[in-house]
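Note sheet for the following structure.
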Amino acid sequence: RRLDLAPFRAIIGTLGPIGCKPEKSVTGVPMDTDLQSQLEQALLERCQAIAGSWYQVIAQTGYVPVHAAEVRRQLDGLARQAVALLVAEPFDHGRAQEIGLSLARLHYLGPEALGQTIGILAGRFTEGLPADQAAALQPGLAVLLDGVTTGFARQATEMILAEQET
């Protein structure tokens with residue numbers, strides 16, 4: 001018996017477009033430009049390490065037919081996109097969702113992959129930062145993780161539904 005996917009597609013269609021309109025500052029108060037510059041530099045310096053840790057945790061969640069070096073390269077690019085979003089004014093929620101979409105497109109579709117991703121991004125971006133920098137990053141990080149989760153769930157659902165149709 002074939003599953004009728006129309007109700008699921010209707011629900012997904014109500015979720016709105018990925019390219020959401022950029023929002024105002026996450027906190028309502030623009031980040032100081034000096035602090036913004038310091039944060040960007042500090043975060044970019046750790047992107048490769050974040051990508052390596054990210055790969056180590058998601059690689060355990062399933063097999064994908066992509067070479068490990070390529071996955072790490074793509075995760076490094078996603079980490080750099082996250083940094084750009086974290087220091088940007090205004091925050092672009094649609095671009096945060098694109099990070100989640102990209103992760104799902106790597107075929108790490110299990111809930112463990114998403115959970116491990118959230119853990120790595122939440123922990124590694126603030127790890128070792130001075131208290132004022134970590135505090136300034138927290139509101140944007142929360143919105144980033146929301147977007148990553150939404151994008152991942154949307155893409156994973158689409159991919160699963162598409163596979164069921166074939």
Side-chain angles (χ1 to χ4, degrees), residues 15-62 64 66-156:
L15 296 176
I18 294 299
C20 298
K21 203 171 159 182
E23 300 171 3
K24 292 182 179 177
S25 171
V26 175
T27 62
V29 179
M31 190 183 298
D32 173 78
T33 55
D34 288 337
L35 178 59
Q36 192 175 19
S37 178
Q38 291 170 1
L39 271 173
E40 183 174 23
Q41 181 179 358
L43 297 175
L44 285 173
E45 289 173 358
R46 56 178 70 183
C47 281
Q48 191 172 12
I50 289 171
S53 298
W54 193 356
Y55 175 75
Q56 287 177 349
V57 297
I58 67 168
Q60 298 172 22
T61 67
V64 297
V66 180
H67 193 274
E70 176 58 20
V71 174
R72 281 190 193 97
R73 187 190 67 72
Q74 290 189 38
L75 293 175
D76 181 67
L78 295 177
R80 290 177 187 284
Q81 289 175 36
V83 168
L85 288 170
L86 288 170
V87 298
E89 297 286 343
F91 190 91
D92 186 343
H93 197 266
R95 286 185 57 209
Q97 289 182 21
E98 287 293 331
I99 294 170
L101 287 164
S102 296
L103 177 64
R105 287 180 186 138
L106 286 171
H107 294 276
Y108 288 105
L109 297 175
E112 297 83 8
L114 178 59
Q116 294 293 339
T117 293
I118 298 304
I120 288 292
L121 297 180
R124 295 297 303 271
F125 277 126
T126 58
E127 183 179 74
L129 288 178
D132 64 326
Q133 290 182 359
L137 206 56
Q138 284 301 324
L141 189 55
V143 178
L144 172 72
L145 297 176
D146 171 68
V148 168
T149 302
T150 301
F152 177 90
R154 185 172 289 154
Q155 183 64 32

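Keep in mind it's a predicted model, so treat the numbers as computed, not measured.
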### Query
From Leu129 CG over to Leu39 CG, what is the distance, rounded to the nearest 0.5 angstrom?
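If we round to the nearest 0.5 Å, Leu129:CG and Leu39:CG are 6.5 Å apart.
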### Message
Measuring from atom CG of Leu85 to atom CZ of Phe91, what distance do you get when rounded to the nearest 0.5 angstrom?
### Response
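Leu85 CG to Phe91 CZ: 5.0 Å, rounded to 0.5 Å.
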### Query
Considering only heavy atoms from C-beta outward, does the side chain of Ile99 approach that of Phe152 to under 4.5 Å?
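SC-SC contact between Ile99 and Phe152 ruled out.
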### Query
Under a 4.5 Å cut-off applied to non-hydrogen side-chain atoms, are Ile58 and Leu114 in contact?
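In short, these two side chains do not touch, never coming nearer than 4.5 Å.
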### side-chain contact (heavy atoms from CB on, under 4.5 Å) partners of Ala88, counting only residues at least two apart
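By the side-chain contact (heavy atoms from CB on, under 4.5 Å) rule, Ala88 matches no residue at all.
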### Message
Just to verify, what does Gln41 make a side-chain contact (heavy atoms from CB on, under 4.5 Å) with, not counting sequence neighbours?
### Response
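For Gln41 the side-chain contact (heavy atoms from CB on, under 4.5 Å) partners, ignoring immediate neighbours, are Glu45.
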With side-chain hydrogen bond (donor to acceptor under 3.5 Å, both in side chains) as the rule and sequence neighbours excluded, what pairs involving [range] come up?
range: residues 109-120; result: Trp54-Thr117
range: residues 70-84; result: Glu70-Arg73, Glu70-Gln74, Asp76-Arg80
range: residues 118-134; result: Gln38-Gln133, Ser53-Arg124, Arg124-Glu127

### Query
Is atom CD of Gln138 surrounded by more than 12 heavy atoms (other residues, nucleotides or ligands) closer than 6.0 Å?
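Enclosed: over 12 neighbouring heavy atoms sit under 6.0 Å from CD of Gln138.
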### Task
Indicate yes or no for a side-chain donor-acceptor contact from Glu98 to the backbone of Gly94 under 3.5 Å, with no hydrogens or angles considered.
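No, the answer is negative, given that no donor and acceptor are paired below the 3.5 Å cut-off.
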Report, one line per pair, each donor and acceptor closer than 3.5 Å where one atom sits in a side chain of residues 141-148; sequence neighbours left out.
unit_1 : atom_1 : unit_2 : atom_2 : d
Asp146 : OD2    : His93  : NE2    : 2.6

